[in-house]
Amino acid sequence: MKGFLDNIRRVTPYTPGEQPSGKVIKLNTNECPYPPSPKVVEALKNMDHERLRLYPEIACESLTAALADYYGIKQAQIFAGVGSDDVLSMCFLTFFAGKKPILFPDITYSFYDVWAEVYGIPYEKKALDRDFGIIASDYYGENGGVVIANPNAPTGILQSLDFIEDIVKHNPDSVVIVDEAYIDFGGETALPLIDRYENVIVVRTMSKSRALAGMRIGYAFGAPDLIRALNDVKYSVNSYTMNTPSLIAGKAAIEDDAYFREIISKVIRTRIRGEEELCKLGFRLRPSSTNFIFAAPPEGYSAEDIFARLKERGIYVRYFRQPERISDHLRITVGTDEEMKALITALEEITGG
Ligand code: PMP
């Protein structure tokens, strides 16, 4: 027997959405359908290539300075990483070293279980209510930490700032992570809480609302003590996480607020139209506060079957077989108006609508 086999860490990895090549309509991984700001493109073009010879900034200070300026907070309240997946993973590793289970909803971003497993963090999943709402009191008891995506994914449902604050207030002995990957599409951020509570971390990404998924830029807001702890763990794993082009692109993106607002409002307009069209076809859905629509097909149609038939037509949406409670839903990223039109036409054909 090869003894080393016993020493290998075995994990069941997170399953990301497919990244098909070629010309398809890609509505499966919540990317922005529009290009990044022209200022990002310009900044990358003008980058002094000599900088690639050198290691990047260890503390990502050019990016965190731009973020501090934009959000009106201190640089010491910001941590940056390689997409919010990296930031969240660092948060799990840093803040959840206790023995009590951490808590998160049973239907939420499916990476949370994976990080808990790989880092050996005990966890407990709390069931959403019948309407996919989070039950605040489930998070009042003793725990090792709390993770809430707001708006939640893949449901697209937003909770109010009061709701989030209530959970933070009930957990003075735990770090509460608020994953705000989709907050720019219509929610109220928990950012103001970081000045009033020492135990809250708010995580953001440039992958969706700033059209930079390919650059892998994420960041977190929190009290300076929490940010210091995050950086200490980061420096104990990999000192140079974000690369120089990403730092440059992130700074340029945050500085172009007009473009950001323009693409957000386009996505929201298209989302509302898409929701109306899907309702007309008999799909059942709740109003989304994100850049995707979570919808159950009309009675008599299977989500899995529609997913497969859309794929045959070159239209990719996301289907989750697990958890079972959502296996009758599709998660559809909001594309351009043209892409959504093609989706609706295909759905009309499939459902005979
Ligand atoms: N949180 C949620 C809720 C998400 O849906 C995603 C996207 N998969 C992420 C975090 C991670 O996004 P990224 O790593 O691209 O910032």
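Residue indices begin at 1 and follow the sequence shown.
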In terms of relative ring orientation, are Trp115 and Phe92 parallel, tilted or perpendicular, with 30° and 60° separating the classes? tilted

Is the closest basic N to carboxylate O distance between [X] and [Y] below 4.0 Å?
X: Arg53; Y: Glu50; result: yes
X: Asp337; Y: Arg273; result: yes
X: Lys311; Y: Glu18; result: yes
X: Arg228; Y: Asp232; result: no
X: Lys280; Y: Glu276; result: no
X: Arg321; Y: Glu304; result: yes

Out of Arg318, Lys26, Lys208, which one pairs with Glu31 under the salt bridge (charged side-chain N to carboxylate O under 4.0 Å, His left out) rule?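 Going through the options one by one, the only one that passes is Lys26.
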
No-hydrogen, no-angle side-chain donor-acceptor test under 3.5 Å, [X] and [Y]:
X: Glu180; Y: Thr189; value: yes
X: Asp113; Y: Tyr14; value: no
X: Tyr240; Y: Glu57; value: no
X: Arg204; Y: Tyr71; value: yes
X: Asn243; Y: Ser246; value: yes

Assess whether atom CZ of Arg196 is packed by more than 12 heavy atoms of other residues, nucleotides or ligands within 6.0 Å.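 It does: Arg196 CZ has more than 12 such atoms within range.
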
State whether the number of non-hydrogen atoms from other residues, nucleotides or ligands found under 6.0 Å of Lys266 atom NZ is greater than 12.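 Count over threshold, so yes.
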
Polar side-chain atom of Gln75 near backbone of Glu61 as donor-acceptor pair, under 3.5 Å: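 Looks like yes, one N/O pair under 3.5 Å.
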
Can we call the ring centroids of [X] and [Y] under 6.0 Å apart?
X: Tyr109; Y: Phe104; result: no
X: Phe221; Y: Tyr219; result: yes
X: Phe283; Y: His329; result: no

By side-chain hydrogen bond (donor to acceptor under 3.5 Å, both in side chains), which residues pair with Glu124, not counting sequence neighbours? Lys126

Under the criterion side chain to side chain contact (heavy atoms under 4.5 Å, CB included), which of Leu128, Thr290, Asp179 is the partner of Asn152? Leu128

Any residue meeting side-chain contact (heavy atoms from CB on, under 4.5 Å) with Asp305, in chain and number order, not counting sequence neighbours: Ser302, Arg309

Any cation-pi pair here, Arg210 with Tyr70, using under 6.0 Å and within 45°? yes

Taking the cut-offs as 6.0 angstrom to the six-membered ring centre and 45 degrees off its axis, would you call Arg331 and Phe292 a cation-pi pair?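 Yes, cation above the ring, under 6.0 Å and within 45°.
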
